[in-house]
Amino acid sequence: MREFGYQRVFDVPGAVARLGADPDARYLGGGTNLVDLMKAGVERPALLIDVRELPLDGIETTDDGGLRIGATVTNSDLAAHPEVRRRYPALAQAVLAGASGQLRNMATVGGNLLQRTRCGYFADLAKPCNKRVPGSGCPAIEGEHHNHAILGASEHCVAIHPSDMGVALAAFDAVISYETADGPGELPLAEFYLPVGDTPHLETALPSGALITGVTLPPTPVAAVSRYRKVRERASYAFAIGSIAAALDVQDGVVREVRLALGAVASRPWRAQEAERVLTGGPASADAFAAAADAELAAAKTLPHNGYKVTLMRNLVVAMLTELTEEAAR
Amino acid sequence: MALSTSSAITLNINGEKHTLPVDHRTTLLDALREHLDLTGTKKGCDQGQCGACTVLIDGRRAVSCLQLAIASEGRVITTIEGVADGERLHPVQQAFLDLDGYQCGYCTPGQICSAIAMIEEHAAGWPSAATADVRPEAGAPPLTADEIRERMSGNLCRCGAYVSIVQAVAQAAEAEAAQTPTTARQFSGPSGPGDLAHPAGTTDAEMTA
Ligand SMILES: Cc1cc2nc3c(=O)[nH]c(=O)nc-3n(C[C@H](O)[C@H](O)[C@H](O)COP(=O)(O)OP(=O)(O)OC[C@H]3O[C@@H](n4cnc5c(N)ncnc54)[C@H](O)[C@@H]3O)c2cc1C
Ligand code: SF4
Ligand code: FES
Ligand code: FES
């Protein structure tokens with residue numbers, strides 16, 4: 001590991017000023033991803049700016065009835081918060097489905113959004129990887145890719161984003177707030193992660209040096225009937241091979257509003273807009289759910305070892321919407 | 001000016017202050033084991049994947065292999081060496097002994113630290129991925145074997161002593177619940193209430209939103 005300096009910051013302007021002054025500096029949240037990658041030599045910061053003492057650890061109701069979540073709120077506190085559990089249950093479930101009790105106590109909301117892919121080649125300095133070393137190639141396409149992307153990838157990178165939390169945030173139209181030396185800014189989650197294209201090393205639209213300060217959830221009544229389901233290779237403490245966040249409002253058998261986001265299928269949490277469009281205003285039936293899933297997955301591009309994800313995601317969409325329809329009927 | 005890459009830090013561990021020089025690259029785990037001779041905390045994977053290195057930081061369980069020592073200054077750290085009350089074992093330690101919650105014992109310090117904090121998380125009303133209805137109105141789920149397995153999934157046991165680990169955790173949780181009136185139960189660190197940082201929403205009763 002490269003040697004590095006360490007500094008704690010206590011106010012937001014101080015944090016962005018300190019980081020802006022040093023292109024080799026990184027913010028340190030819980031460290032559960034950054035420290036791991038520093039041990040592997042993938043990340044080599046010269047300075048860590050510890051953000052855990054910033055006054056960004058609160059969760060508050062906004063004036064319009066949404067929720068504002070500070071960037072340093074731990075994953076545990078987010079999932080335990082009564083208003084999150086009551087108004088956005090799929091978000092609490094998504095966070096609880098990730099990592100372990102220990103890691104959720106350490107991990108922050110900001111760090112969770114910016115965690116890097118778990119593609120094995122990315123973390124292995126002995127291998128080429130376009131995301132780590134632009135232009136070096138993507139060995140996953142010919143190699144190990146059973147948990148790689150089926151949507152939105154390119155021939156330059158087929159890695160997935162591993163966050164569970166992000167999938168629920170995508171379903172609920174979260175907005176990310178940040179601060180730079182030039183002042184504050186905002187990015188809807190839908191625009192937060194950049195398309196892969198031929199620049200897989202550029203992952204987010206955050207300006208350089210930006211500190212994430214929080215995440216705002218708009219008031220979303222449909223989210224009260226929402227769920228997250230995660231499929232993985234063991235029962236717990238493993239990354240998803242496919243996941244879904246869904247919310248549904250059905251009245252008299254007709255879909256009034258639906259939210260669907262898919263995880264572990266793309267370089268970002270994947271909002272299933274095409275499926276939502278097909279469903280809205282139509283019948284809440286198993287056939288309609290399957291047709292919506294097919295419409296979304298029509299764009300899927302599979303590799304030799306990840307084709308199962310198309311079937312998996314189709315089944316997840318149908319099962320989840322069927323369950324939510326039953327729940328709404330109760 | 002060259003940036004300093006090492007510092008003298010003071011760590012509060014098991015109620016004692018230790019001042020030590022550290023290279024910033026030192027994890028809390030290595031500081032405990034290599035610098036302070038507190039070798040009860042074990043190193044398994046060194047990557048956050050096994051839980052052997054679990055300690056309590058401000059009363060909450062955390063993996064010390066991904067926690068930098070320098071980032072632990074000013075926080076209250078409890079390791080397996082600090083959970084007993086003098087000669088009296090912690091109820092979770094006693095339950096692991098009574099029910100053989102281990103075979104080789106390598107994962108045991110991490111399992112015990114994890115279980116101590118997990119029982120408090122549950123008592124504070126935190127749901128888990130095994131909880132059918134996470135809405136606060138549904139109330140805290142009973143601490144069933146499924147709940148224990150899910151909540152303890154961050155601690156792997158290569159010997160596969162899981163069956164008796166789950167029994168030991170259940171027994172310890174019951175013993176603690178019997179001691180504490182359910183209405184007044186507060187989420188507290190090992191050295192009593194107030195030990196824990198109280199960020200947003202640790203208990204339903206504290207709800208302000
Ligand atoms: C064994 C293991 C299993 C896991 N399983 C899962 C899982 O199943 N599901 C899942 O979703 N995740 C999982 N994770 C990942 C975990 O959720 C992330 O590591 C964690 O959320 C990162 O948060 P952090 O605060 O520790 O980030 P850090 O490691 O501190 O930082 C990560 C990145 O974010 C940057 N950063 C941090 N805070 C800010 C900020 N406020 N502004 C700007 N930049 C910032 C850092 O500079 C760094 O680049 C797992 C991790 C491990 C180690
Ligand atoms: S999929 Fe992306 S991260 Fe993985 S090897 Fe290819 S370029 Fe690197
Ligand atoms: S040694 Fe820390 S989790 Fe394995
Ligand atoms: S008792 Fe041997 S690893 Fe758990």
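Numbers restart at 1 for each chain; the letters A, B, ... are given by sequence-line order, proteins then strands.
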_Given heavy-atom pairs under 4.5 angstrom as the criterion, report whether the side chain, backbone, both or neither of B/Asp46 touches chain A._
both
*Shortest non-hydrogen contact from B/Gln67 to A/Met106?*
OE1-CE, 3.8 Å
_A/Phe4 and B/Leu68, any side-chain heavy atoms less than 4.5 Å apart_ = yes
*asked:* I need the minimum non-hydrogen distance between A/Arg234 and B/Leu156, along with the two atoms involved.
replied: NH1-CD1, 4.3 Å
*Distance from B/Leu66 atom CG to A/Leu103 atom CG, nearest 0.5 Å?*
6.5 Å
*asked:* Can you tell me which of B/Arg149, B/Met152, B/Gln49, B/Met118 forms the most heavy-atom pairs within a distance under 4.5 Å of chain A?
replied: B/Gln49
*asked:* If I measure from the heavy atoms of chain A, does B/Ser128 come under 4.5 Å with its side chain, its backbone, both, or neither?
replied: backbone
*Under 4.5 Å heavy-atom distance to chain A, tell me which part of B/Thr27 shows up: side chain, backbone, both or neither.*
side chain
*Can you measure from CD (A/Glu3) to NE2 (B/His24) and round to the nearest 0.5 angstrom?*
9.5 Å
_Side-chain heavy atoms of A/Arg52 within contact of B/Arg75, under 4.5 Å_ = yes
*Considering residues, nucleotides and ligands other than B/Arg135, do more than 12 of their heavy atoms fall under 6.0 Å from its CZ?*
no
*Do other residues, nucleotides or ligands put more than 12 heavy atoms under 6.0 Å from the CZ atom of B/Arg158?*
no
*Say you draw a straight line from OG1 of A/Thr74 to CZ of B/Arg60; how long is it, rounded to the nearest 0.5 Å?*
5.0 Å
*asked:* Between A/Ala94 and chain B, with a heavy-atom cut-off of 4.5 Å, which part of the residue counts as in contact: side chain, backbone, both or neither?
replied: neither
_Among the listed options B/Ala138, B/Gly48, B/Ser7, B/Ala71, the residue most often paired with chain A at heavy-atom distances under 4.5 Å_ = B/Ala71
_Per-residue contact mode, A/Leu48 against chain B (heavy atom under 4.5 angstrom)_ = side chain
_Residue pair B/Cys65 / A/Lys39, side-chain heavy-atom distance below 4.5 Å_ = yes
*asked:* Please classify the contact between B/Cys53 and chain A as side chain, backbone, both or neither, with a heavy-atom cut-off of under 4.5 Å.
replied: neither
_Please classify the contact between A/Leu28 and chain B as side chain, backbone, both or neither, with a heavy-atom cut-off of under 4.5 Å._
side chain
*How far does CD of B/Gln47 sit from OG1 of A/Thr32, to the nearest 0.5 angstrom?*
13.0 Å
*Heavy-atom closest pair, residues A/Leu96 and B/Pro127*: CD2-O, 3.6 Å
_Contact class of A/Ala46 relative to chain B, heavy atoms under 4.5 angstrom_ = backbone
*Under a 4.5 Å heavy-atom cut-off, does chain B meet the side chain of A/Ala79, its backbone, both or neither?*
backbone
_What I'd like to find out is whether the side chain of A/Gln102 reaches to under 4.5 Å of the side chain of B/Asn155, using heavy atoms alone._
yes
*Could you tell me the separation between the OG atom of A/Ser100 and the CZ atom of B/Arg151, rounded to the nearest 0.5 Å?*
13.5 Å
*Can you establish whether the number of heavy atoms outside A/Asp64 located under 6.0 Å from its atom CG is more than 12?*
yes
*Over all heavy atoms of both residues, which pair between B/Ser153 and A/Tyr237 is shortest? Give the atoms and the distance, please.*
O-CD2, 2.8 Å
*Flag side-chain contact, heavy atom, 4.5 Å: B/Ile70 against A/Asp50*: no
*Do you know the tightest heavy-atom contact between A/Arg86 and B/Pro136?*
NH2-CG, 3.5 Å
*Which pair of non-hydrogen atoms, one from B/Glu150 and one from A/Ser236, has the smallest distance, and what is that distance?*
OE1-OG, 2.8 Å
*Between A/Arg227 and chain B, which part of the residue has a heavy atom less than 4.5 Å away: side chain, backbone, both or neither?*
neither
